[in-house]
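Below: the structure, in structure tokens.
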Amino acid sequence: MPEMGVFLLATQAMAAPGELLNLALNAGAIAPEGAVLVAMLATLLVDLAGEQAAARWVPPICYAGLGTALVLLAQQWNAPLEPSFLGAFLADNLAIAFRAVVALSTLLSLLISWRYAEQSGAPIGEYAAILLAATLGAMLLCGSTDLVSVFVSLETLSVASYLLAGYMKRDARSSEAALKYLLVGSAAAAVFLYGASLLYGLSGTTSLQAIGIALLTSPTPLAALSLVFVLATVAFKIAAVPFHQWTPDVYEGSPTPVVAFLSVGSKAAGFALALRLLVGCFGAFDTQWKLLFTVLAVLSMTLGNVVALAQTSMKRMLAYSSIGQAGFVMIGLVCGTEDGFAAMVLYMAAYLFMNLGAFACIILFSIRTGSDRISDYAGLYQKDPLITLGLSLCLLSLGGIPPMLGFFGKIYLFFAGWADHQYLLVVVGLVTSVVSIYYYISVIKMMVVKEPKEASDVVKSYPSIQWSTIGMPPLRIALVGCVVVTAVGGILSNPLFQWANSAVAGTPLLQEAIALGSQRSIG
Amino acid sequence: MLESSSGLVPLQAYLLLAAMLFCIGVWGLINSRNAVRVLMSIELMLNAVNINLMAFSSYIDGDLIRGQVFAVFVITVAAAEAAVGLAILLSLYRNRVTVDMERFNLLRW
């Protein structure tokens, strides 16, 4: 459907039909999405052949599709920029970086989901196909530069996410999470559309760049209203307080591998959308949206980290912690400097590994014990050193303890914020980081410090560790991979810094915003 | 075609209608206890957007009609969303035997 969308756009964007034939659509830019799409269709076809064939062939097809997508993305890096589909899609370095984060998060989520799906008896063919559809939407969203393509890819991501959240059909909690997600998500989409229709009316075009220029020449109160509408949707997608109410419910009710994808892939796409819309389109309302986002960031960091203290469910705690983490990333967005944007990209990449590592440990624990209460982790180090070590490292990294990857990501964000005189944000960020370290460490303390006789009943009856059952080897690969990157990535973070910086340097949209910002500060 | 219609009904009338429809949708979204009614309210909001898009398309963008194309996409996606919404509601109804929003309280914030 997205392909058809851009094609229609292409046909109607041309005044003279004859010119269309001369114009290349530059469809190569969405080749990575093509690979994901082919994998999705192949998964659906294999799924028709029956459950056994699906169990055997679906995982390799998914790995091949996502691997190809990642390779194709690497080839697009720093390639000469040409708008595809007559301005509906742009594969700049920013889009490539965020699409890589999305594709990698799907790959890791799939690796940790086979065993979980096997154990819960859910058909894996459909599950993989819907997850790939969500990935497709998220990846297209990262590079969309037109209101229509933004809307269609946003909805592809959202509708697939609703289905994933309700995937455990017989579990009333999963269905309830899906319904709540769907109602809030559709309402947010409708609000976004209302804002988009106003923007179209104000500028007479749907291209984000053209709208940005039109708003610069004549900023009106109505444009400010549409900014509020559009911003509400962006805030919903990245789960910023006060648009976060769906997050804890959906995270608690949904299948855990789905939560892993939603907390990283969907959020990365949301931040890419925020950059495209706010930096690319609302340059005229720079002061206003930065003020609004400062408020959102302060609220998210405070509420997310404080409420996480009181949680007893691991999934719910990570849900609130992810709200707090989104608040940290917003510091980079508010800065609007070269360092700020680069820190955002870097932190998203770091967050991918540490959060998915933590989720891999939680899934492994719940596969073995069927529980995700924090108190059930007591004394775990005696029975399962791997989970204890992996979860400890990932949580320390999320809290920002050196020398983990998360520490360098966070210090870069705070440094960028301080350099741009965002003192309030940085101070709130530092204080709430301390709060977050408290609840992360209390989980670690629970696992490590407890005496064997204080261990929870769940841990006392811990099953013997087996890695040979179906779906366990991929889970182990994902777990070990994420934990190693989290632990070692901090020390070897130089290539990541360079990568994040060149992502910003290779994006004309961000460069213009940076130049504009520095002009203002001089003037 | 456009000139004749614009003489009769001003653009503001369409926008006002759309704004009212959108507000009714929001009101229904907040106040309905029946989940099916909530879904219907969301459809109202989306249709308000469609009226906006069509009106802008014929008054501002007469040559390229981007708004009309946008509206077609909105209608298509709204259909997909409604189908998924009803499917999820059906599976929830099978589990809980109710569509009352107040009773969906297994997950609390």
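Between B:V84 and A:Y162, the closest heavy-atom pair is CG1-CB, 4.3 Å. Shown here for B:L92 and A:E176, the closest heavy-atom pair between the two residues is CD1-N, 3.7 Å. Of all heavy-atom pairs spanning A:Y194 and B:L15, the tightest one is OH-O, 4.5 Å. What you find for B:G85 and A:L182 is that their closest heavy atoms are CA-CD2, 3.5 Å. In terms of heavy-atom proximity, A:A187 sits nearest to B:I42 at N-CD1, 4.2 Å.
Around atom CD of A:Q311, more than 12 heavy atoms belonging to other residues, nucleotides or ligands sit under 6.0 Å away. Other residues, nucleotides and ligands place more than 12 heavy atoms under 6.0 Å from the CE atom of B:M101.
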Stepwise side chain to side chain contact (heavy atoms under 4.5 Å, CB included) test for A:R170 and B:R94: CA-CA 8 Å; A:R170 299 209 176 75; B:R94 281 187 185 146; over 6 Å; no
For the pair A:R173 and B:N95, evaluate side chain to side chain contact (heavy atoms under 4.5 Å, CB included) and give the outcome as yes or no after the intermediate values. CA-CA 9 Å; A:R173 288 150 52 91; B:N95 284 319; over 6 Å; no
Could you check B:S57 against A:Y200 for side chain to side chain contact (heavy atoms under 4.5 Å, CB included), going step by step and ending with a plain yes or no? CA-CA 9 Å; B:S57 171; A:Y200 169 63; 3.8 Å; yes
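Rounding to the nearest 0.5 Å gives a distance of 7.5 Å between CG of A:L193 and CG of B:L53. Separating the OG atom in A:S197 from the CE atom in B:M54 is a distance of 12.5 Å, to the nearest 0.5 Å. Note: B:R66 CZ to A:L147 CG = 10.5 Å, rounded to the nearest 0.5 Å. The structure places OG1 of A:T206 at 10.5 Å from CZ of B:F73, a figure rounded to the nearest 0.5 Å. We find the OG1-CD1 distance between A:T205 and B:I60 to be 11.5 Å, quoted to the nearest 0.5 Å. To the nearest 0.5 Å, atom OG of residue A:S158 and atom CD of residue B:E81 are 7.5 Å apart.
Of the possible donor and acceptor atoms, none in the side chain of B:R96 sits under 3.5 Å from a partner among the backbone N and O of A:A172.
Neither the backbone nor the side chain of A:L202 comes within less than 4.5 Å of any heavy atom of chain B. Using a 4.5 Å cut-off between heavy atoms, B:A55 does not touch chain A at all. Residue contact with chain A, scored on non-hydrogen atoms closer than 4.5 Å, involves the backbone and the side chain of B:V74 alike. Interface residue A:V191: backbone and side-chain heavy atoms are both found under 4.5 Å from chain B. Using a 4.5 Å cut-off between heavy atoms, B:L29 touches chain A through its side chain atoms alone.
Using cut-offs of 30° and 60° on the angle between ring planes, the pair B:F70 and A:F151 is tilted.
The closest side-chain heavy-atom distance from B:I88 to A:Y181 is not below 4.5 Å.
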